[in-house]
2 protein chains.
Amino acid sequence: MAARDYGQYCGLTQALELVGERWALLIVRDLLVGPRRYGELAEGLHRIPSNILAARLKDLQAAGVIRRAPRSRVIVYELTPYGRELEPVILAFGAWGFKALGDPRAEQIITPDSMTMDLRTAFRPQVAAGLPATAYAAHFGPAELLIRVDGPTLDLRREEGAADLTFAAGPGIHRVISGELAAEHAIATGVVTVLHGRGELLNRFASTFHLAA
Amino acid sequence: MAARDYGQYCGLTQALELVGERWALLIVRDLLVGPRRYGELAEGLHRIPSNILAARLKDLQAAGVIRRAPRSRVIVYELTPYGRELEPVILAFGAWGFKALGDPRAEQIITPDSMTMDLRTAFRPQVAAGLPATAYAAHFGPAELLIRVDGPTLDLRREEGAADLTFAAGPGIHRVISGELAAEHAIATGVVTVLHGRGELLNRFASTFHLAA
DNA sequence: CCGCATCCCATGTGATACTG
DNA sequence: CAGTATCACATGGGATGCGG
């Protein structure tokens with residue numbers, strides 16, 4: 001590692017040596033949602049080569065950021081307390097990057113975990129507090145995310161469940177969150193497909209989750 | 001770039017595609033201190049190969065993070081407003097990494113710009129507000145940093161000037177900031193050498209700049 | 001299957017040298 | 001001084017293999 005050492009004694013340099021390599025922060029992002037198995041991580045980061053995933057998991061463990069935890073016959077990876085302290089950094093970094101998101105390219109997908117973190121970033125508790133409690137079920141391809149907003153609290157789960165509004169969406173959903181695409185227009189153009197419930201609730205969704213672009 | 005694309009449409013992924021490559025955030029860190037010339041960047045990031053520096057400057061420019069600015073016959077690089085929005089991210093990330101800083105390795109140095117950002121990270125305005133205005137002049141090798149604390153405001157300049165305490169320090173100064181090394185002990189062991197002024201002022205320095213480890 | 005390890009090749013990185 | 005050019009090598013990417 002000496003050759004790839006930045007050669008500086010500095011907080012940022014140290015941070016980059018711990019989690020600065022390719023894919024590392026994305027692994028942390030997914031683990032912020034919850035403990036994940038090797039295969040789940042590989043699925044969420046669908047373009048990561050398996051050797052790289054294995055190497056990163058090893059490095060992150062050595063760095064004290066994550067931990068291997070045996071859970072009744074299967075192994076899950078989870079963040080250590082130190083790793084969890086990256087949450088504000090990742091949220092702020094994600095908010096910064098969100099502003100530069102252009103139109104989604106053809107191969108770009110959204111995964112439940114990436115969407116979960118983006119929604120956490122975009123959640124506006126003070127706005128939500130003034131709105132009725134609402135449950136949304138969002139389908140991203142085969143995956144479903146249950147989004148429950150109750151006053152200023154947000155509960156995100158990767159499961160099925162009763163919702164006031166059920167919709168299917170692709171990457172274009174981000175343009176609704178950025179306010180560039182009005183809810184009605186998103187429905188009209190097929191960016192969002194309402195599967196169940198009143199489509200107007202998508203307006204409430206858009207005001208609850210908002211990040212300027 | 002398609003092959004190195006993460007393939008996800010997500011704020012964090014986008015951020016990593018803009019400034020996630022090796023050395024990129026360190027360039028941003030140094031530019032947060034002020035506009036810098038090519039040679040100044042190369043000096044501050046003393047282990048960066050010149051071709052990599054040139055490539056990163058080009059990429060960061062294309063990403064809208066930095067900008068080439070001609071200043072009376074010389075070219076300086078400076079952050080765009082969007083690039084400057086990375087400051088809180090970099091400060092938080094640096095604070096996170098600071099906690100994991102072990103003992104400095106032999107080849108690890110501190111540069112004026114890295115120290116400047118670490119001091120900004122560690123600065124405690126509310127503590128400083130309760131202390132008398134103080135100016136410190138810190139020597140890191142050949143470079144000098146003038147640190148002026150006046151109430152809750154911090155002024156850092158890369159220049160010479162009158163100071164209440166002038167000291168020379170190496171990377172070990174970070175252990176004073178983390179509180180692991182008491183000021184008197186730092187002086188006694190030669191981690192910090194007092195060049196001018198009362199050594200007890202290093203205690204004030206340590207309480208003004210503090211980051212838990 | 002799941003959790004990796006191995007191969008091979010494209011690309012990025014690093015050291016050095018060089019040019020306008 | 002501000003970059004380019006070149007080349008050796010390390011790392012990343014993709015496919016595939018393999019043991020538990």
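Order of the sequence lines fixes the chain letters, A, B, ..., with proteins taken first and strands second; residue numbering starts at 1 for each chain. Note that the structure is a prediction, hence the values are computed from the model and not measured.
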Q: Starting at atom CZ of R73(B), determine the distance to atom P of dA2(D), rounded to an integer number of angstrom.
A: 12 Å

Q | Nearest-Å distance for atom pair CD/P, residues E107(A) and dG13(D) | A | 14 Å

Q: With R22(B) as the cation and Y6(A) as the aromatic partner, state whether NZ or CZ is under 6.0 Å from the six-membered ring centre and within 45° of the axis.
A: yes

Q.
Please classify the nucleic acid contact of R56(B) as base, sugar-phosphate, or nothing, using heavy-atom distances under 4.0 Å.
A. sugar-phosphate

Q: Let me know the distance between CG of L53(A) and P of dT11(D), rounded to the nearest Å.
A: 18 Å

(Q) Strictly below 4.0 Å: does W23(A) bring a side-chain N or O up to OP1 or OP2 of dG13(D)? (A) yes

**Q.** Whole angstrom value for the distance that separates P of dT11(D) from CD of E21(A)
**A.** 8 Å

Q: Determine the stems involving DNA chain C; a stem requires 3 or more consecutive pairs of the Watson-Crick or G-U wobble kind, each with both distances below 3.5 Å, and the answer is none if no such run exists.
A: C:1-19 with D:2-20

Q | Rounded distance in Å - CZ (R71(A)) to P (dC2(C)) | A | 19 Å

Q: Look at R22(B) and dG14(C) and indicate whether a side-chain polar atom (N or O) is within less than 4.0 Å of OP1 or OP2.
A: yes

**Q.** Nucleic acid footprint by protein, nucleotides 3-8 of chain D - heavy-atom cut-off 4.0 Å, B for base, S for sugar-phosphate alone
**A.** BBBB--

Q | E78(A)/R71(A) ion pair, N-O < 4.0 Å | A | yes

Q | Among D103(B), V191(B), V192(B), side-chain contact (heavy atoms from CB on, under 4.5 Å) partner for R175(B) | A | D103(B)

Q) I52(A) CD1 to dA10(C) C1': how many Å, rounded? A) 13 Å

Q: May I ask you to check whether F205(A) and F167(A) place their ring centers less than 6.0 Å from one another?
A: yes

Q. Could you state the NE2-C1' distance from H46(B) to dG14(C), rounded to the nearest angstrom?
A. 14 Å

Q | Contact list for residues 154-165 of chain B, test salt bridge (Lys or Arg N to Asp or Glu O under 4.0 Å), sequence neighbours left out | A | D113(B)-R158(B), R148(B)-D155(B), D155(B)-R157(B)

Q: Considering just the side-chain nitrogens and oxygens of R37(B), establish if one lies under 4.0 Å of OP1 or OP2 belonging to dA2(D).
A: yes

Q. Tell me the side chain to side chain donor-acceptor pair (under 3.5 Å) pairs involving residues 137-146 of chain B, sequence neighbours left out?
A. H139(B)-E144(B)

Q: Report the residues that fulfil salt bridge (Lys or Arg N to Asp or Glu O under 4.0 Å) with K99(B), sequence neighbours left out, ordered by chain and then residue number.
A: E85(A)

Q. Among dG12(D), dG13(D), dG14(D), which nucleotide sits nearest the side chain of R47(A)?
A. dG14(D)

Q: Please name the residue in the list V149(A), I147(A), T153(A) that meets the side-chain contact (heavy atoms from CB on, under 4.5 Å) test with F123(A).
A: V149(A)

Q. Which residues pass the ring-ring contact (aromatic ring centres under 6.0 Å, His included) test with Y38(A), sequence neighbours left out?
A. none

Q) How long is the line joining CD1 of I48(A) and P of dA5(C), in whole Å? A) 14 Å

